[in-house]
Enquirer: 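Sharing a structure here in structure tokens format.
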Amino acid sequence: TPERASEWLYATASAGAASGDVAAATAALDRLLDASPSSYLGWTIPVDPVFLSLHGEPAFAAVLARLAERAA
């Protein structure tokens, strides 16, 4: 449902990261940032263990940069 889109996108990103699909994970995270206002979901991205494999990936660095922009 539309009101659960953020959770769905976060779960999709988690599944992508867990399966090693960097493109799918970061695309879902980008869509999450596009679709939802600042919330706890965004702030958990840098520290969520499921995304550890994405650290060092340029596409994930871009997601983290977007989060930093939102925080400014």
Side-chain angles (χ1 to χ4, degrees):
T1 63
E3 65 272 1
R4 303 301 298 228
S6 296
E7 289 86 354
W8 182 85
L9 288 166
Y10 200 92
T12 300
S14 298
S19 69
D21 190 343
V22 174
T26 55
L29 290 172
D30 272 329
R31 288 180 32 217
L32 171 67
L33 295 178
D34 288 339
S36 63
S38 295
S39 73
Y40 73 94
L41 283 174
W43 298 117
T44 61
I45 292 169
V47 297
D48 192 326
V50 76
F51 299 128
L52 283 177
S53 65
L54 301 180
H55 287 267
E57 295 287 344
F60 188 64
V63 169
L64 297 179
R66 287 187 66 192
L67 281 172
E69 288 173 17
R70 286 170 66 145

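FYI, the numbering just counts along the sequence from 1.
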Enquirer: Please tabulate, for the side chains in residues 11-26, all donor-acceptor contacts under 3.5 angstrom to protein atoms that are two or more places apart in sequence or on a different chain.
Expert:
residue : atom : partner : partner atom : Å
T12     : OG1  : W8      : O            : 2.9
S14     : OG   : Y10     : O            : 2.9
S19     : OG   : A15     : O            : 3.2
S19     : OG   : G16     : O            : 3.1
D21     : OD1  : A23     : N            : 3.4
D21     : OD1  : A24     : N            : 3.1
T26     : OG1  : V22     : O            : 2.8
T26     : OG1  : A23     : O            : 3.4

Enquirer: Would you list the pairs meeting salt bridge (charged side-chain N to carboxylate O under 4.0 Å, His left out) in which at least one residue belongs to residues 46-68, sequence neighbours left out?
Expert: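 Every salt bridge (charged side-chain N to carboxylate O under 4.0 Å, His left out) pair that includes a residue of residues 46-68, provided the two are not neighbours, is D30-R66, D34-R66.
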Enquirer: Does the side chain of F60 come within less than 4.5 Å of L29's, by heavy atoms?
Expert: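 The answer is yes; the side chains approach within 4.5 Å.
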Enquirer: Should L32 and I45 count as side-chain neighbours, where that means a heavy-atom distance under 4.5 Å?
Expert: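 In short, these two side chains touch, coming nearer than 4.5 Å.
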